[in-house]
There are 4 protein chains.
Amino acid sequence: MARNSDKKPQIIDAAIKVFAEKGFYNSKVADVAKAAGIADGTIYLYFKNKDDLLISLFETKVSELLETFKNALLAFKTAKDKLNEFIRLYFQLMEEQQDLAEVLQVELRQSSKFIKEYHPQKFFDFLNIIGDIIKEGQQNGEFDSTLSVNTTKLAIFGSIDELARQWILSFEHKFDLKQTANNVASIFIKGMAPVI
Amino acid sequence: MARNSDKKPQIIDAAIKVFAEKGFYNSKVADVAKAAGIADGTIYLYFKNKDDLLISLFETKVSELLETFKNALLAFKTAKDKLNEFIRLYFQLMEEQQDLAEVLQVELRQSSKFIKEYHPQKFFDFLNIIGDIIKEGQQNGEFDSTLSVNTTKLAIFGSIDELARQWILSFEHKFDLKQTANNVASIFIKGMAPVI
Amino acid sequence: MARNSDKKPQIIDAAIKVFAEKGFYNSKVADVAKAAGIADGTIYLYFKNKDDLLISLFETKVSELLETFKNALLAFKTAKDKLNEFIRLYFQLMEEQQDLAEVLQVELRQSSKFIKEYHPQKFFDFLNIIGDIIKEGQQNGEFDSTLSVNTTKLAIFGSIDELARQWILSFEHKFDLKQTANNVASIFIKGMAPVI
Amino acid sequence: MARNSDKKPQIIDAAIKVFAEKGFYNSKVADVAKAAGIADGTIYLYFKNKDDLLISLFETKVSELLETFKNALLAFKTAKDKLNEFIRLYFQLMEEQQDLAEVLQVELRQSSKFIKEYHPQKFFDFLNIIGDIIKEGQQNGEFDSTLSVNTTKLAIFGSIDELARQWILSFEHKFDLKQTANNVASIFIKGMAPVI
DNA sequence: GATGAATGAGCCTTCATTCAT
DNA sequence: AATGAATGAAGGCTCATTCAT
């Protein structure tokens with residue numbers, strides 16, 4: 001109807017809602033179109049096909065997250081504080097954008113393997129934010145410098161990602177995210193402390 | 001082919017291969033049948049439908065894992081040793097059964113949300129093995145007793161699961177799983193140590 | 001319904017009817033399926049896609065025509081008699097199988113150019129029956145030996161094909177096919193006579 | 001682009017190019033618009049719809065041909081010379097305007113049957129030029145007066161049309177059109193000679 | 001039990017056409 | 001008049017499931 005509004009983000013936001021609710025493979029392009037308030041065919045003016053819509057969604061949203069995290073971390077000086085903030089912010093954003101969280105967590109995994117030619121570089125960039133924090137901590141003596149950055153960043157991400165996922169999936173008895181953030185950060189900070 | 005062989009595990013093993021390679025939604029029932037060396041229709045003699053095949057696969061395999069882990073942990077006395085062994089064994093099994101690992105990790109997430117009426121109880125049982133180790137450690141003073149068992153078990157599982165996933169997904173430069181097992185176990189054991 | 005009847009010729013015959021009536025591009029696969037008394041999907045068990053159905057139809061039917069003509073001409077000795085018989089039989093067959101005639105005449109032209117990778121070899125084989133008659137006539141002095149076989153065969157085929165087409169297309173006032181066959185044959189036989 | 005140029009012939013010429021290359025049913029209105037250097041919607045200011053564009057194309061071009069032929073034949077006196085010239089000019093024009101030739105030959109056949117309500121009157125007018133030549137030849141004793149004008153004109157047109165088509169379709173080894181024109185004309189003139 | 005040909009609902013995608021600008 | 005973004009009906013094709021053998 002509205003001819004001028006920018007359709008691309010509008011479609012992506014609709015897709016997030018729909019994919020979060022039903023999953024990518026159970027969602028119809030028509031569902032996304034309906035949610036976006038546009039005609040089915042309009043989606044194909046902005047995306048090559050259904051796969052491309054999912055991939056574009058990833059690229060766009062992970063890029064945004066990347067920026068958000070980079071900016072947020074600027075205010076913190078020590079690696080410990082940065083790690084704390086990363087975890088806190090991750091939980092906060094996942095809480096605020098549960099639909100996006102579901103799509104990123106479930107579909108990104110699913111799709112990065114099966115949609116041909118898609119390599120989720122942005123996701124790796126995102127992981128590297130944690131990697132950079134670890135490196136920094138190792139350099140200034142906050143963290144054990146013998147730890148592998150590559151595997152440790154995955155361990156940390158895996159932890160908070162799984163926690164976020166289960167928090168989102170559980171309907172009742174949701175645990176307290178803020179406190180959990182503190183606990184997890186504390187475990188990793190203690191766990192990564194240099195050996196005396 | 002083999003007259004008397006039980007077809008059910010045969011189909012499940014074929015499904016693991018096929019789903020691991022292409023993903024559940026990109027796999028055809030006919031693909032599974034072909035991989036199992038049987039006719040398409042035969043699958044429906046053993047499983048209600050495609051969803052049921054996936055769910056049965058989960059149930060069967062997670063039950064097996066459950067038994068394997070429970071038995072393996074009997075030999076260890078301290079919670080620290082048990083946690084060490086759990087992580088070591090998890091990586092070992094994922095390495096030995098990469099196809100199964102992929103299906104469990106990727107499809108379990110995908111499906112537990114979108115296949116209606118499926119609640120992966122066995123998976124929670126599995127998670128609770130970690131929970132039990134933590135509780136034991138808290139009771140005998142090995143671990144900080146103020147930690148939430150529920151979230152910490154997820155943190156640990158998330159870590160090793162993410163590491164396993166990335167190890168499986170990476171084609172080259174695969175990191176050393178044994179060493180990584182030690183590192184991760186070490187981080188968590190240090191990180192969960194009681195506050196003095 | 002009937003599980004055993006051979007579906008391929010059944011589908012081809014249905015396709016001839018449907019394509020003759022509506023044209024290939026205006027026919028739906030569902031139309032052909034309905035006409036064949038089968039389900040839509042069944043067509044794809046026997047043909048790769050809609051294009052393949054058309055091409056298979058051509059191959060099959062032109063091969064059959066080829067056989068019919070070759071056999072029929074055996075009974076005739078002179079080139080003139082063979083040409084006469086060819087024209088007579090062509091009109092007769094087109095009259096008997098108007099649906100097939102329409103599809104061959106209209107769609108073969110249309111499609112041989114636009115369906116990629118299709119080269120109507122069978123059609124050229126068919127044309128060469130006329131070419132062989134001309135050659136034979138040139139060798140035994142019935143026809144002018146300076147005539148180009150390649151172009152003359154096209155001239156003859158073009159004539160009878162156009163006549164058949166217009167006869168099929170005209171609803172009323174259809175001209176007499178038998179007499180026309182005689183006239184056309186006579187024109188070409190006279191027209192190709194050797195120069196004294 | 002050019003402000004004042006009449007868009008209608010511009011669109012028709014673009015359509016000829018596009019339809020010749022891809023065929024009517026495989027051409028998109030957008031393709032024609034692009035080839036004409038205008039916007040998609042503009043076509044609908046000049047033509048009711050895609051079918052109408054094709055039909056208008058036929059009407060316009062066949063009318064032009066009609067005029068060209070009528071004028072060209074004025075210079076010739078005998079029916080034989082006129083027939084000679086008709087065939088020569090037909091081949092010449094088809095050679096000069098291959099795109100138009102393809103559209104007329106292939107699409108006219110295809111469409112005259114399937115585009116509802118279209119009766120290619122102009123095409124019949126064109127055929128009647130040949131009919132008139134035959135009649136004239138019969139009246140002045142050049143041709144056999146017992147021949148049916150209606151079928152003979154179709155025979156002649158079919159011949160040269162098929163020859164033109166195959167000449168256009170063949171990529172290499174194109175036969176010599178001028179010589180073929182002479183041969184065909186000669187066959188028909190000899191073939192239609194009055195019986196003594 | 002086993003088969004695999006047949007089914008037909010379902011969905012992605014195309015593209016002729018419209019219409020607000 | 002001209003534009004081209006938007007529309008949405010339509011249809012080719014897939015594939016989970018059935019069932020006659």
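Since the structure is predicted, the reported quantities are computational estimates derived from the model, not experimental observations. Protein chains get the first letters and strands the later ones, always in sequence-line order, with residue 1 at the start of each.
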Roughly how many Å is it from NZ in D:Lys8 to P in F:dA2, rounded to a whole number?
13 Å
Would B:Asp125 and B:Gln121 count as having a side-chain donor-acceptor pair, cut-off 3.5 Å?
yes
Want to settle it: does C:Tyr44 or D:Asp40 sit nearer the 5' end of DNA chain F, counting the closest nucleotide to each?
D:Asp40
Between D:Lys34 (side chain only) and D:Ala39 (backbone N and O only), is there a donor and an acceptor less than 3.5 Å apart?
no
What is the separation between atom NZ on C:Lys34 and atom P on E:dT7, rounded to the nearest whole Å?
15 Å
Whether C:Lys28 contacts F:dG12 is assessed here as follows: a side-chain N or O lying under 4.0 Å from the phosphate OP1 or OP2. Is that the case?
no
Nearest-neighbour nucleotide for the B:Val29 side chain, E:dT3, E:dT17, F:dT17 considered:
F:dT17
Tell me whether the side-chain N/O atoms of C:Lys50 come closer than 4.0 Å to OP1 or OP2 in F:dC13.
no
Backbone N or O of A:Ile38 within a donor-acceptor pair of the A:Thr42 side chain at under 3.5 Å?
no
Whole-Å gap separating C1' (F:dT14) and CZ (C:Phe47)
18 Å
What is the separation between atom CG on B:Asn49 and atom C1' on F:dT18, rounded to the nearest whole Å?
13 Å
Length of the CZ-C1' vector between C:Phe24 and F:dG12, whole Å:
11 Å
Taking atom P of E:dA2 as reference, at what distance in whole Å does atom CD of B:Gln10 sit?
9 Å
Is the number of heavy atoms from other residues, nucleotides or ligands within 6.0 Å of NZ (A:Lys17) greater than 12?
no
Hey, which sits more toward the 5' end of DNA chain F by its nearest nucleotide, A:Tyr46 or C:Ala30?
A:Tyr46
I want to confirm an ordering. Mapping D:Ser27 and B:Leu45 to their closest nucleotides on DNA chain E, which one lands closer to the 5' end?
B:Leu45
Find the partner of F:dA20: check Watson-Crick (N1-N3 plus N6-O4 or O6-N4) and G-U wobble (N1-O2, O6-N3) distances, both under 3.5 Å, and reply none if neither fits.
E:dT3
Can you tell me the distance, in whole Å, between the CD1 atom of C:Ile11 and the C1' atom of F:dG12?
15 Å
5'-most by nearest nucleotide on DNA chain E - C:Ile43 or A:Gly41
C:Ile43
Whole-Å distance separating the NZ atom of A:Lys48 from the C1' atom of E:dC12:
15 Å
Strictly distance-based, threshold 3.5 Å: is any side-chain N or O of A:Thr60 a donor or acceptor partner for the main-chain N or O of A:Ser56?
yes
Whom does F:dA10 pair with, Watson-Crick or G-U wobble, provided both distances fall under 3.5 Å?
E:dT13
